[in-house]
Protein chains: 2
Amino acid sequence: MSSEVSNESVSRQMQSVTIHDVAREAGVSIGTVSKALNGQGKLKSETRERIQEVAARLGFRPNMMAQNLLRGRSYTVGLLTTDSYGRFSIPLMKGIEDALGTAQILVFLCDARDDAQRERQYIETLLSKRVDGIIVTSRRTDPRPAIDVGQTGIPVLYAYTQVKEGNALCILPDDEQGARLAIEHLVEHGRRHIGHIMGPSHFESTQLRQKAVRQVLKEAGLATHEQRFLSGPWQESWGYNATQFLITSDPQVDAIFCGNDQIARGTIDMLRELGRKVPDDIAVIGFDNWEIIAASSRPPLTTVDLDIYHLGQLAGSRLLAMIDGSRETGVIRHPCHLVIRASCGSHDSVPIL
Amino acid sequence: MSSEVSNESVSRQMQSVTIHDVAREAGVSIGTVSKALNGQGKLKSETRERIQEVAARLGFRPNMMAQNLLRGRSYTVGLLTTDSYGRFSIPLMKGIEDALGTAQILVFLCDARDDAQRERQYIETLLSKRVDGIIVTSRRTDPRPAIDVGQTGIPVLYAYTQVKEGNALCILPDDEQGARLAIEHLVEHGRRHIGHIMGPSHFESTQLRQKAVRQVLKEAGLATHEQRFLSGPWQESWGYNATQFLITSDPQVDAIFCGNDQIARGTIDMLRELGRKVPDDIAVIGFDNWEIIAASSRPPLTTVDLDIYHLGQLAGSRLLAMIDGSRETGVIRHPCHLVIRASCGSHDSVPIL
DNA sequence: TTGTACGCGTTATCAG
DNA sequence: CTGATAACGCGTACAA
């Protein structure tokens with residue numbers, strides 16, 4: 001480790017300036033300072049201005065620990081995840097932060113790393129810190145056990161994860177609607193033989209999407225071929241291998257709906273190797289709209305966007321409502337939307353049927 | 001939005017149980033309760049146990065707002081970024097959280113979204129909340145302006161970013177050493193004509209790495225060909241295009257060091273299209289070790305790992321030291337390490353020179 | 001118009 | 001061994 005660090009241990013405990021300091025300096029009482037700074041009560045405007053000037057000069061910042069102790073709440077919320085943050089966490093956090101920021105609330109990061117004991121420890125700490133609420137999240141949307149906040153009555157909300165027991169509020173992406181969007185898009189573009197290279201079948205999202213795919217096919221009057229549903233890991237290599245199998249065993253296939261963008265990328269690579277043109281011979285559609293993957297595949301990938309940022313925003317604002325006393329339970333499915341690039345043909349290339 | 005939510009506004013302000021409640025229930029004074037629970041002073045063990053039992057039964061959790069007000073610190077630190085969190089932020093946050101967690105400190109998320117006003121607002125809030133310290137981070141390692149915490153004396157540390165002015169502590173990955181690792185690896189594997197497809201030249205990391213590349217080439221007694229240094233965006237397509245140019249204009253090239261894994265991926269794709277085998281004809285080495293990209297390229301990518309998690313851990317523990325009064329300044333360059341996969345030949349395929 | 005005093009929930013000190 | 005009391009920094013009735 002190349003370091004050029006100079007260390008100098010100093011015991012400086014900089015006392016922060018309090019309302020007393022301001023009062024003394026301005027020659028008034030602390031009560032007057034408080035009123036002056038908070039715009040309360042009736043003060044001679046000369047006094048008020050003088051106090052404000054002094055406060056500014058001294059760099060006075062009210063100590064929120066004291067304020068909050070008085071108010072009985074902390075203006076913080078905990079963001080708790082059991083199994084680490086994943087790639088959806090960043091937009092989710094942004095959305096949550098933005099929504100909560102409007103209420104002057106800050107977010108605590110709590111990554112329990114799939115360790116029940118750590119999770120318990122975090123929850124205890126959050127409760128001791130008297131957070132105004134807790135948002136529980138995850139890398140998967142699958143159900144997890146509810147967290148226990150005892151008799152505290154602290155609002156808890158589940159975002160991008162869910163609990164089965166009890167009456168909690170869970171906010172999730174709408175996998176069914178997203179898959180529907182994808183298949184309808186393909187059908188509208190004249191595709192009739194659609195394959196579905198899925199993620200692992202034990203994921204709820206996989207199941208929901210599969211269900212939707214079957215429904216849309218049925219509604220469109222298309223036959224459902226079982227061998228066109230392939231389930232495997234969320235990996236590029238799975239897309240690669242599954243595509244080879246799918247195309248060689250069923251050469252009729254003219255479109256493939258992939259479980260995520262990585263899989264789609266593997267699919268596109270294999271199609272190129274097989275000499276099939278995308279989208280002319282075969283259309284490919286992904287899931288997640290992971291920009292970095294989807295935009296740089298060749299051709300760029302049309303895909304379903306989970307709209308995680310807004311999901312986070314929604315979570316944040318719902319939690320605010322709960323903090324204000326509303327008691328909500330149930331499941332909210334936030335809609336996905338389609339991002340059209342080139343792998344299914346351009347937007348206006350919809351054939352006249 | 002498909003939702004099945006039941007809303008029921010209730011104004012329940014659950015008073016949390018205080019030390020007074022425990023004292024009353026146990027028939028002792030609050031002082032005694034405090035001692036019993038904190039293992040202080042001398043108490044009849046019967047009393048102590050009874051109090052602990054009562055506290056547990058009532059679900060008593062000490063109010064940290066009160067504790068911390070007394071202690072004069074909050075046991076929190078702010079994690080501030082001006083320009084949003086990027087893909088390195090997650091491991092960085094984990095490292096920071098882990099290091100700080102050992103000291104019972106929680107982390108506040110503050111994403112100022114490249115808005116100076118938001119940044120100022122966050123800093124004010126953090127100071128008001130009396131955070132024990134602030135870690136400033138970024139998506140780039142390039143210098144940024146120092147943040148102003150006034151006369152507070154609150155420790156500030158820059159992680160994965162740096163400031164030029166003043167005496168701050170900055171922790172950065174060691175780009176030079178990382179690039180050196182890469183080139184030395186190539187040279188050890190018998191490569192003699194090494195191209196360098198870089199990121200944008202105005203990035204400090206690009207410059208540092210280029211410098212190191214030239215040095216190692218020199219040390220190895222290899223000529224430096226200017227046309228083998230190509231600078232462009234951090235995109236896969238850049239790797240793709242640059243490789244075509246590089247290889248057609250200089251067919252001798254037998255190794256390419258890429259500015260990141262995405263570029264390397266574009267490089268590998270183009271090499272495949274040009275009929276050059278990796279690693280037999282040409283070795284490719286990436287940067288960042290972005291698992292999802294590097295591991296699933298074909299062949300899997302040998303790459304330089306920035307070790308961001310440990311960089312975060314280091315940042316966290318240094319901040320702890322600063323909170324304890326140490327006064328450190330300077331720049332720490334945390335070393336990178338090599339992750340060997342297949343794109344440069346296997347580990348034991350080092351030719352006998 | 002301004003000052004005083006109490007309370008928020010703890011911990012620590014000092015009597016008893 | 002245990003209880004009262006003074007802080008911590010602030011807001012706010014209420015008194016002056």
Side-chain angles (χ1 to χ4, degrees), chain A residues 13-52 54-55 58-76 104 125 127-132 152, chain B residues 13-52 54-55 58-76 104 125 127-132 152:
Chain A
Q13 272 307 332
M14 294 271 178
Q15 289 295 358
S16 51
V17 15
T18 79
I19 202 173
H20 288 96
D21 302 323
V22 179
R24 188 173 345 100
E25 183 77 8
V28 294
S29 76
I30 61 163
T32 307
V33 174
S34 179
K35 284 167 210 154
L37 265 31
N38 297 318
Q40 305 287 352
K42 313 245 171 255
L43 293 191
K44 213 188 310 177
S45 62
E46 184 272 325
T47 318
R48 187 183 298 268
E49 282 160 21
R50 183 165 46 86
I51 291 175
Q52 285 171 340
V54 171
L58 265 48
F60 170 70
R61 273 174 261 269
N63 183 330
M64 283 196 180
M65 294 196 284
Q67 286 187 340
N68 293 336
L69 177 59
L70 209 52
R71 299 197 228 272
R73 48 175 292 209
S74 64
Y75 288 85
T76 61
Q104 303 275 41
T125 305
L127 295 180
S128 271
K129 283 197 182 289
R130 297 297 190 267
V131 291
D132 301 340
T152 60
Chain B
Q13 273 308 334
M14 296 270 177
Q15 289 296 357
S16 52
V17 15
T18 78
I19 202 172
H20 287 96
D21 301 324
V22 179
R24 189 174 343 101
E25 183 77 9
V28 293
S29 74
I30 61 166
T32 307
V33 174
S34 179
K35 283 167 211 153
L37 265 32
N38 298 316
Q40 306 287 353
K42 315 244 170 254
L43 291 193
K44 212 191 310 179
S45 64
E46 185 273 325
T47 320
R48 189 183 296 269
E49 281 161 21
R50 182 164 47 88
I51 292 175
Q52 285 170 340
V54 170
L58 264 47
F60 169 71
R61 269 174 268 268
N63 184 331
M64 284 197 182
M65 294 195 284
Q67 287 186 339
N68 294 336
L69 176 58
L70 208 53
R71 300 198 226 272
R73 48 175 291 207
S74 63
Y75 289 84
T76 60
Q104 302 277 40
T125 305
L127 295 181
S128 272
K129 283 196 183 288
R130 297 296 190 268
V131 290
D132 300 340
T152 59

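These values consider heavy atoms only, across backbone and side chains, with no hydrogens, waters or symmetry-generated copies. What you see is a predicted model; the values in this text were computed from it and never measured. Convention: sequence-line order gives letters A, B, ...; per-chain numbering from 1.
A/R130 pairs by the side-chain hydrogen bond (donor to acceptor under 3.5 Å, both in side chains) definition with B/S16, not counting sequence neighbours. A/S128 is linked by a side-chain hydrogen bond (donor to acceptor under 3.5 Å, both in side chains) to nothing, counting only residues two or more places apart in sequence or in another chain. Evaluation of the side-chain hydrogen bond (donor to acceptor under 3.5 Å, both in side chains) rule for B/T47 yields no partner, not counting sequence neighbours. A search for side-chain hydrogen bond (donor to acceptor under 3.5 Å, both in side chains) contacts involving B/D21 returns B/R24, not counting sequence neighbours. With sequence neighbours excluded, the residues forming a side chain to side chain contact (heavy atoms under 4.5 Å, CB included) with A/A26 are A/V28, A/R50, A/I51, A/V54, listed by chain and number. Partners of B/I19 according to the side chain to side chain contact (heavy atoms under 4.5 Å, CB included) rule, which considers only residues two or more places apart in sequence or in another chain, are B/I30, B/V33, B/S34, B/F60. By the salt bridge (charged side-chain N to carboxylate O under 4.0 Å, His left out) test, A/R71 pairs with no residue at all, sequence neighbours left out. Applying the side chain to side chain contact (heavy atoms under 4.5 Å, CB included) rule to B/T125 yields the partners A/M64, A/L106, B/Q121, B/K129; only residues at least two apart in sequence or on another chain are considered.
Sequence neighbours left out, the pairs with a member in residues 59-68 of chain B that pass salt bridge (charged side-chain N to carboxylate O under 4.0 Å, His left out) are A/E124-B/R61.
Of the two residues contacting DNA chain D, namely A/M64 and B/V28, the nearest-nucleotide position lying further toward the 5' end is that of B/V28.
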Quick test: give all pairs of protein nitrogen or oxygen and nucleotides 8-12 of chain C nitrogen or oxygen below 3.5 Å, distance rounded to 0.1 Å.
from, atom 1, to, atom 2, distance (Å)
C/dT10, OP1, B/N63, N, 3.1
C/dT10, OP2, B/I19, N, 2.5
C/dT11, OP1, B/N38, ND2, 3.2
C/dT11, OP1, B/Q67, NE2, 2.9
C/dT11, OP2, B/S34, OG, 3.0

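Distances shown here put a side-chain N or O of A/T32 below 4.0 Å from the OP1 or OP2 atom of C/dG3.
One end of the helix from C/dT1-D/dA16 to C/dG16-D/dC1 points its axis 60° away from the other end's axis, with each axis taken from 5 pairs and the angle rounded to 10°.
The outermost nucleotides of DNA chain D lying under 4.0 Å from heavy atoms of chain B, listed 5' to 3', are D/dC1 to D/dG9.
Atom pair A/E46:CD and C/dT1:P shows a separation of 12 Å (rounding to whole Å applied).
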Begin from the C-alpha positions of A/N63 and B/L69 and carry the test side-chain contact (heavy atoms from CB on, under 4.5 Å) through to its verdict.
-> CA-CA 9 Å; A/N63 183 330; B/L69 176 58; 4.2 Å; yes

